Amino acid sequence: MPFKTLRRAAALLLAALLLGLAGCSEGTPAGPPASAEPSGAGAELTRYQAQFLELFDTVTTVIGYAETEEEFSETVNAFRDELREYHELYDIYNDYEGVNNIKTINDSAGGEPVKVDRRIIDLLLFCREMYEATEGRTNVMMGSVLSLWHDARELGINDPERAELPDMDELEAAKGHTGFDALVIDEENSTVQITDSEASLDVGAVAKGYATQRACESLPAGLLVSVGGNVCITGPKPADGSDWIIGVQDPDGGASDYILTLALSSGSMVSSGDYQRYYTVDGVTYCHIIDPDTLMPPALWRAVTVLCPDSGKADALSTALFCLSREEGEALLERFGAEALWIRPDGSTECTPGFEAQIEEYAN
């Protein structure tokens with residue numbers, strides 16, 4: 001297969017993954033020998049890809065090159081095992097035997113401090129940093145508000161005829177329990193306490209990107225990882241040193257439709273958009289991203305895509321930028337050395353100069 005065709009195939013795959021399509025085999029190369037392609041390089045490297053579904057409620061894809069299928073499988077399985085640990089620690093819905101996780105902290109709100117793994121401490125310290133940097137736009141203490149939206153969205157998806165918005169009085173009351181000062185992080189004793197019994201953590205805007213970044217730090221160079229569209233690249237393709245080509249999803253298109261492709265050799269790309277999780281009430285679509293000021297989904301943008309060396313920061317920034325004007329967003333991006341693309345409601349785009357420099361081509 002020609003190299004250009006390979007690059008376009010990779011772009012189409014990643015664009016599809018932004019919508020979280022189902023994957024195939026669990027932690028093993030997907031379909032060799034059909035999807036295992038010789039690199040053509042002297043090192044006898046072969047291109048493999050693997051997908052698994054069970055973590056962070058999304059599909060994870062790993063694409064890379066290795067001398068043997070067994071070598072690639074060992075790398076993927078080690079990555080999957082590490083990502084599973086983060087999944088269990090950061091889960092807000094499920095309990096796991098022998099694990100004190102985010103759900104444990106929420107269940108203990110208003111009570112005693114909870115002894116937790118250092119990786120939870122590190123996540124929450126990072127969340128506090130991003131809360132302050134985004135002036136509250138990315139706030140993991142919004143659990144009381146987001147749970148009302150979550151319940152309304154689930155009802156609306158499962159029974160569209162009964163779809164309705166959360167009650168604004170209930171949202172305003174819940175907003176009174178979103179202060180970050182109710183979260184007490186004790187690094188020395190490795191404990192976390194929520195002092196407000198009505199408050200709760202929802203780390204959905206940060207945890208997937210943060211966990212992806214941490215787990216990818218253990219990977220060898222030259223892999224492309226997508227965890228539900230949170231793309232992390234550990235280096236250029238080892239077969240020939242070329243860039244990876246990543247597609248940016250078209251909010252109005254299908255699973256394999258994209259508005260442009262990017263050429264990246266490292267770093268992360270994360271998108272937030274109104275097409276990812278949503279429901280409809282009286283003909284109006286409401287997405288899952290909630291502005292902490294209005295307590296409603298913002299309508300400034302269809303989608304925001306962030307490029308950043310760190311996937312956790314990219315995740316947090318994409319959420320914040322979805323609630324901000326371009327001018328406000330650019331000021332925030334500069335603090336973190338990040339770049340962004342904005343898609344307006346009419347489908348037109350604008351981006352920072354650094355993002356534009358990475359564009360390979362616009363789709364026809």
Side-chain angles (χ1 to χ4, degrees), residues 56-57 90-94 101-111 120 123-124 126-158 162-185 192-210 272-282 284-301 304 315-324 328-329 332:
F56 288 97
D57 193 30
Y90 299 162
D91 198 334
I92 67 172
Y93 298 111
N94 301 290
N101 61 7
I102 299 294
K103 181 178 184 296
T104 311
I105 299 169
N106 284 341
D107 291 345
S108 303
I120 290 180
L123 170 69
L124 295 179
F126 172 77
C127 290
R128 185 167 66 190
E129 173 191 350
M130 297 309 297
Y131 172 81
E132 294 171 353
T134 63
E135 297 183 351
R137 290 299 190 282
T138 301
N139 180 9
V140 298
M141 286 298 289
M142 285 275 290
S144 57
V145 169
L146 296 179
S147 65
L148 294 174
W149 275 102
H150 175 272
D151 292 346
R153 185 169 61 250
E154 289 297 299
L155 175 62
I157 291 173
N158 295 326
R162 296 175 57 201
E164 61 183 10
L165 299 179
D167 182 82
M168 183 53 71
D169 289 339
E170 292 183 10
L171 288 172
E172 289 288 355
K175 184 179 180 180
H177 303 283
T178 61
F180 219 96
D181 55 357
L183 183 67
V184 180
I185 305 169
V192 177
Q193 180 184 27
I194 299 177
T195 58
D196 180 351
S197 62
E198 300 298 318
S200 63
L201 287 160
D202 186 325
V203 296
V206 176
K208 184 170 63 172
Y210 183 88
S272 291
D274 63 7
Y275 58 93
Q276 294 171 335
R277 279 184 287 153
Y278 59 88
Y279 76 120
T280 302
V281 180
D282 296 329
V284 179
T285 298
Y286 296 89
C287 74
H288 70 290
I289 303 170
I290 304 303
D291 187 317
D293 292 334
T294 67
L295 305 180
M296 296 290 291
L300 289 169
W301 313 105
V304 178
D315 210 355
L317 289 171
S318 69
T319 299
L321 263 62
F322 199 78
C323 302
L324 297 172
E328 294 170 316
L332 182 58

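Predicted model only: the values in this text are computed from it and were never measured.
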Participant: Is any side-chain heavy atom of Leu201 closer than 4.5 Å to a side-chain heavy atom of Met141?
Facilitator: yes
Participant: State whether the number of non-hydrogen atoms from other residues, nucleotides or ligands found under 6.0 Å of Asp282 atom CG is greater than 12.
Facilitator: no
Participant: If every non-hydrogen atom of Leu324 is compared with every non-hydrogen atom of Trp301, which pair is closest and at what distance?
Facilitator: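 The answer is O-NE1, 2.9 Å.
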Participant: If you compare all heavy atoms of Ala163 against all heavy atoms of Thr280, which two are closest, and at what distance to 0.1 Å?
Facilitator: CB-O, 3.4 Å
Participant: Kindly indicate, with the supporting measurements, whether the criterion side chain to side chain contact (heavy atoms under 4.5 Å, CB included) is fulfilled by Leu123 and Cys127.
Facilitator: CA-CA 6 Å; Leu123 170 69; Cys127 290; 4.0 Å; yes
Participant: Given side chain to side chain contact (heavy atoms under 4.5 Å, CB included), test Phe180 with Val140 step by step and report yes or no.
Facilitator: CA-CA 8 Å; Phe180 219 96; Val140 298; 3.9 Å; yes
Participant: Might you point out which heavy atoms bring Asp274 and Phe322 nearest each other, and give the distance in Å?
Facilitator: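 Looking at all heavy atoms of both residues, the closest pair is N-CZ, 3.9 Å.
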Participant: Taking it one step at a time, do Leu332 and Glu135 satisfy side chain to side chain contact (heavy atoms under 4.5 Å, CB included)?
Facilitator: CA-CA 10 Å; Leu332 182 58; Glu135 297 183 351; over 6 Å; no
Participant: Kindly compute the distance separating CG (Asn139) from CD1 (Ile290), expressed to the nearest 0.5 Å.
Facilitator: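 Going from CG on Asn139 over to CD1 on Ile290, the span is 13.0 Å.
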Participant: Can you find a pair of side-chain heavy atoms, one from Tyr286 and one from Met296, that are under 4.5 Å apart?
Facilitator: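 Tyr286 reaches Met296 side chain to side chain.
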Participant: Would you give the length of the straight line joining atom NE2 of His150 to atom CD1 of Ile92, rounded to the nearest 0.5 angstrom?
Facilitator: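 It is 7.5 Å, given to the nearest 0.5 Å.
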Participant: Can you give me the closest heavy-atom contact between Ala152 and Glu164, atom names plus distance?
Facilitator: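 Ala152 and Glu164 have their closest heavy atoms at CB-O, 3.7 Å.
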Participant: Could you grab the distance from atom OG of Ser147 to atom CD of Glu170, nearest 0.5 Å is fine?
Facilitator: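 One gets 10.0 Å once the value is rounded to the nearest 0.5 Å.
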Participant: Is a side-chain donor or acceptor of Thr178 paired with a backbone partner of Met142 at a separation under 3.5 angstrom?
Facilitator: no
Participant: Please round to the nearest 0.5 Å and tell me the distance separating atom CD of Gln193 and atom CD1 of Ile105.
Facilitator: 11.0 Å
Participant: Under a 4.5 Å cut-off applied to non-hydrogen side-chain atoms, are Asp293 and Arg137 in contact?
Facilitator: yes
Participant: Can you establish whether the number of heavy atoms outside Asp57 located under 6.0 Å from its atom CG is more than 12?
Facilitator: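 No, not enclosed.
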Participant: Rounded to the nearest 0.5 Å, how far does CD of Glu328 lie from OG1 of Thr134?
Facilitator: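 Between Thr134 OG1 and Glu328 CD, I get 11.5 Å after rounding to 0.5 Å.
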Participant: Return yes if a side-chain donor-acceptor contact under 3.5 Å exists between Thr104 and Asp107, otherwise no.
Facilitator: no
Participant: To check you understand the geometry: which heavy-atom pair defines the closest contact between Trp149 and Leu295, and what is its length?
Facilitator: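 Trp149 and Leu295 have their closest heavy atoms at NE1-O, 3.0 Å.
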Participant: Using the side chain to side chain contact (heavy atoms under 4.5 Å, CB included) rule, take Arg153 and Ile157 through it: C-alpha gap first, then chi angles, then the decisive distance, then the call.
Facilitator: CA-CA 6 Å; Arg153 185 169 61 250; Ile157 291 173; 3.8 Å; yes
Participant: Ignoring hydrogens, what is the shortest heavy-atom contact between Thr138 and Ala205? Give both atom names and the distance.
Facilitator: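 So the two residues come closest at CG2-CB, 4.4 Å.
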Participant: Looking at OH of Tyr93 and CG of Asp202, how far apart are the two atoms once the value is rounded to the nearest 0.5 Å?
Facilitator: 5.5 Å
Participant: Test His177 against every option in Ile194, Asp196, Val145 by the side-chain contact (heavy atoms from CB on, under 4.5 Å) rule and name the one that passes.
Facilitator: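 With His177 as partner, side-chain contact (heavy atoms from CB on, under 4.5 Å) holds for just one option, Asp196.
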Participant: Heavy atoms, side chains only, cut-off 4.5 Å: are Tyr278 and Ile289 in contact?
Facilitator: no
